[in-house]
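Counting starts at 1 for both ligands and their atoms, following the listed order. Everything numeric in this text was worked out from a predicted model, so none of it was measured.
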Amino acid sequence: MQYRALGRTGWNVSSVSFGAWAIGGAWGTVDDKQSMAALHKAIDCGVNFIDTADVYGMGRSERLIAQLKRERSEKIVVATKAGRRLSPHTAEGYTAENLAGFIEDSLKNLATDCLDLVQLHCPPTEIYYRPELFNVMDGFVKAGKTRYYGVSVERVEEALKAIEFPNVQTVQIIFNAFRHRPSRLFFEEAKKRQVGILARVPLASGMLTGKITHDSHFEADDHRNFNRHGERFDQGETFSGVDFEVALKAVEEIRTLVPAGVSMAQFALRWILMFDAISCVIPGGKRPEQVADNCAAADLPPLSGETMQAVAGIYDRSIRPLVHQRW
Ligand SMILES: NC(=O)c1ccc[n+]([C@@H]2O[C@H](COP(=O)([O-])OP(=O)(O)OC[C@H]3O[C@@H](n4cnc5c(N)ncnc54)[C@H](OP(=O)(O)O)[C@@H]3O)[C@@H](O)[C@H]2O)c1
């Protein structure tokens with residue numbers, strides 16, 4: 001495993017970390033025993049950072065992580081999120097009272113008296129124009145409810161606006177071979193301000209692992225079935241917002257670039273880690289084998305300039321015209 005600084009937090013986090021959405025829900029059937037095995041495998045592989053949220057299985061993901069922390073002695077940094085329990089999910093709902101309630105519930109689920117990192121969970125864009133909300137977040141830090149806070153965003157513009165607030169320590173954003181736009185202005189600005197970046201959806205919901213085909217079946221409660229067109233939440237969260245057929249074709253082109261002995265998942269993660277603004281990638285993993293496969297990406301040698309250009313070429317030809325300006 002390799003470790004990178006998480007912004008100004010003082011934490012060095014595993015460059016391949018763990019995304020704990022799937023073990024909570026919205027990805028078809030999951031089995032807690034298997035999820036625990038996946039979490040333990042991550043720690044065995046040197047992972048020391050886990051991303052979760054209160055809404056992932058309504059506390060299920062957070063509670064599994066609390067169990068992991070009881071069963072392991074290693075230092076594990078846990079980032080959770082708040083805001084998505086609001087229904088309807090509106091800017092007006094982001095009040096000090098509501099957030100305090102969400103944070104208390106996460107403290108209970110994670111069985112701790114102080115969270116490591118709370119991220120605003122893709123709030124409406126308007127939130128970034130409400131400095132008073134960031135003062136509220138400062139208050140949670142002062143009160144010892146969380147060590148740090150950050151944001152999870154949908155769009156580059158939200159990320160740029162968020163880092164104007166000096167105590168935003170981290171930005172979580174979709175970045176992968178199908179989503180290149182964050183790497184320009186945003187990465188530069190985040191580096192200047194030493195803001196940590198968590199690259200989410202690094203495998204484009206599994207698409208970039210190369211295992212998905214026309215015949216792949218997704219259960220009714222898997223967002224790859226019910227959210228392909230953004231029916232329930234932002235379309236960009238499912239297959240990175242790329243049309244299924246277009247994605248399958250682009251994956252076949254990427255496959256030709258993958259060196260022998262390297263899995264497509266590892267290649268996809270190593271591609272992201274070529275960008276030094278990234279603190280870590282947080283691939284979701286439901287099974288120990290997936291976690292082991294993903295973690296090995298951290299120790300792969302850098303990709304060649306030629307390979308990086310080839311991935312950029314595939315993006316420019318097939319993906320850019322469809323998604324580049326959307327997020
Ligand atoms: N709004 C937000 O803040 C937000 C939104 C999305 C995600 N996230 C965070 O980002 C994390 C990662 O994103 P994601 O989970 O959406 O997508 P992802 O990491 O791109 O894809 C994860 C899925 O790919 C499959 N997979 C993983 N490793 C594999 C491997 N080595 N070989 C084959 N298949 C593999 C697994 O599903 P199957 O086995 O079922 O195929 C897994 O659930 C989440 O867990 C969450 O922590 C945050």
Query raised in the report: Which of these, Leu257, Ile254, Asp293, Leu203, sits in a side chain to side chain contact (heavy atoms under 4.5 Å, CB included) with Met264?
Result: Ile254

Query raised in the report: So is Tyr56 in contact with ligand 1, going by heavy-atom distances below 4.0 Å?
Result: yes

Query raised in the report: Are Asp32 and Arg60 ion-paired here, with the side-chain N under 4.0 Å from a carboxylate O?
Result: yes

Report summary line: Here the salt bridge (Lys or Arg N to Asp or Glu O under 4.0 Å) pairs for residues 126-141, sequence neighbours left out, are Glu92-Arg130, Glu126-Arg130

Query raised in the report: Any nitrogen or oxygen of Ala265, main chain or side chain, under 3.5 Å from a nitrogen or oxygen of ligand 1?
Result: no

Requested in this report: Could you list the atoms of ligand 1 found under 4.0 angstrom from a heavy atom of Lys81?
Outcome: 3 (O), 48 (C)

**Report entry** Per atom 46 (C) of ligand 1, closest listed option by heavy atom (Leu120, Thr238, Ile212, Asp51)
**Finding:** Asp51

Requested in this report: Go through the steps for Tyr94 and His89 under the test ring-ring contact (aromatic ring centres under 6.0 Å, His included), then give the verdict.
Outcome: CA-CA 9 Å; Tyr94 279 76; His89 180 241; 5.5 Å; yes

**Report entry** Atoms of ligand 1 close to Ala22 [distance to a heavy atom under 4.0 angstrom, numbered from 1]
**Finding:** 43 (O)

Query raised in the report: Which heavy atom of the protein is the closest neighbour of atom 8 (N) of ligand 1, given with residue, atom name and distance?
Result: Arg200 CD, 3.4 Å

**Report entry** Closest approach of Asn225 to Ala220 (non-hydrogen atoms, all atoms of both residues)
**Finding:** ND2-CA, 3.7 Å

Query - Carboxylate-amine/guanidinium contact Lys161 Glu158, below 4.0 Å - result: no

Query raised in the report: Any N/O of Thr52 closer than 3.5 Å to an N/O of ligand 1?
Result: no

Query raised in the report: Are Glu189 and Arg184 close enough for a salt bridge, meaning some N to O gap below 4.0 Å?
Result: no

Query - Pair Asp243 + Arg228, salt bridge at N-O below 4.0 Å - result: no

Requested in this report: Considering only non-hydrogen protein atoms, determine which one is nearest to atom 34 (N) of ligand 1 and report residue, atom name and distance to 0.1 Å.
Outcome: Lys211 NZ, 2.9 Å

Query raised in the report: Which atoms of ligand 1 sit under 4.0 Å from any heavy atom of Asp293?
Result: 30 (C), 31 (N), 32 (N)

Report task. With heavy atoms under 4.0 Å as the rule, classify the contact between Pro202 and ligand 1 as side chain, backbone, both or neither. Result -> both

Report task. Indicate yes or no: does an N/O atom of Val201 lie under 3.5 Å from an N/O atom of ligand 1? Result -> yes

Report summary line: Atoms of ligand 1 under 4.0 Å from any heavy atom of Cys122, numbered from 1 in the order shown, are 1 (N)

Report summary line: Quick note on ligand 1: atoms under 4.0 Å from a heavy atom of Lys286 include exactly 38 (P), 39 (O), 40 (O)

Query raised in the report: Looking at Lys33 and Asp31, does any basic side-chain N land under 4.0 Å from a carboxylate oxygen?
Result: no

Query raised in the report: Can you find an N or O of Gln290 that's nearer than 3.5 Å to an N or O of ligand 1?
Result: yes

Query raised in the report: Does the cation-pi check pass for Arg232 over Phe226, that is, NZ or CZ under 6.0 Å from the six-membered ring centre and within 45° of its axis?
Result: yes

Requested in this report: For His121, counting its heavy atoms only, list the atoms of ligand 1 lying under 4.0 Å from any of them.
Outcome: 1 (N), 2 (C), 3 (O)

Query - N or O pair under 3.5 Å between Pro283 and ligand 1 - result: no

Query raised in the report: What part of Glu237, side chain from CB on, backbone N/CA/C/O, both or neither, has a heavy atom under 4.0 Å from ligand 1?
Result: side chain

Report task. Do me a favour and list the nearest non-hydrogen protein atom to atom 3 (O) of ligand 1 with residue, atom name and distance? Result -> Ser152 OG, 2.6 Å

Query raised in the report: Quick one: do the Asn227 and Gln235 side chains pair a donor with an acceptor below 3.5 Å?
Result: no

Query raised in the report: Counting from 1, what ligand 1 atoms have a heavy atom of Ala20 closer than 4.0 Å?
Result: 45 (O), 47 (O)

Query raised in the report: Is there a heavy atom in Arg84 that sits closer than 4.0 Å to ligand 1?
Result: no

Query - Residues Glu157 and Arg155 bridged, charged N to O under 4.0 Å - result: no

Query - Candidates Arg326, Arg200, Arg179 - the one meeting salt bridge (charged side-chain N to carboxylate O under 4.0 Å, His left out) with Glu154 - result: Arg200

Query raised in the report: Where does Ala53 meet ligand 1, judged by heavy-atom distances below 4.0 Å: at the side chain, the backbone, both, or neither?
Result: neither

Query - Closest approach of any protein heavy atom to atom 22 (C) of ligand 1, naming residue and atom - result: Gly284 O, 3.6 Å

Query - Note: Lys145-Asp113 ion pair, threshold 4.0 Å (strictly below) - result: no

Query - Where ligand 1 meets Arg287 - atom numbers and elements under 4.0 angstrom, heavy-atom basis - result: 39 (O)

Query - Shortest protein contact, atom 16 (O) of ligand 1 (heavy atom only) - result: Trp27 CZ2, 3.2 Å

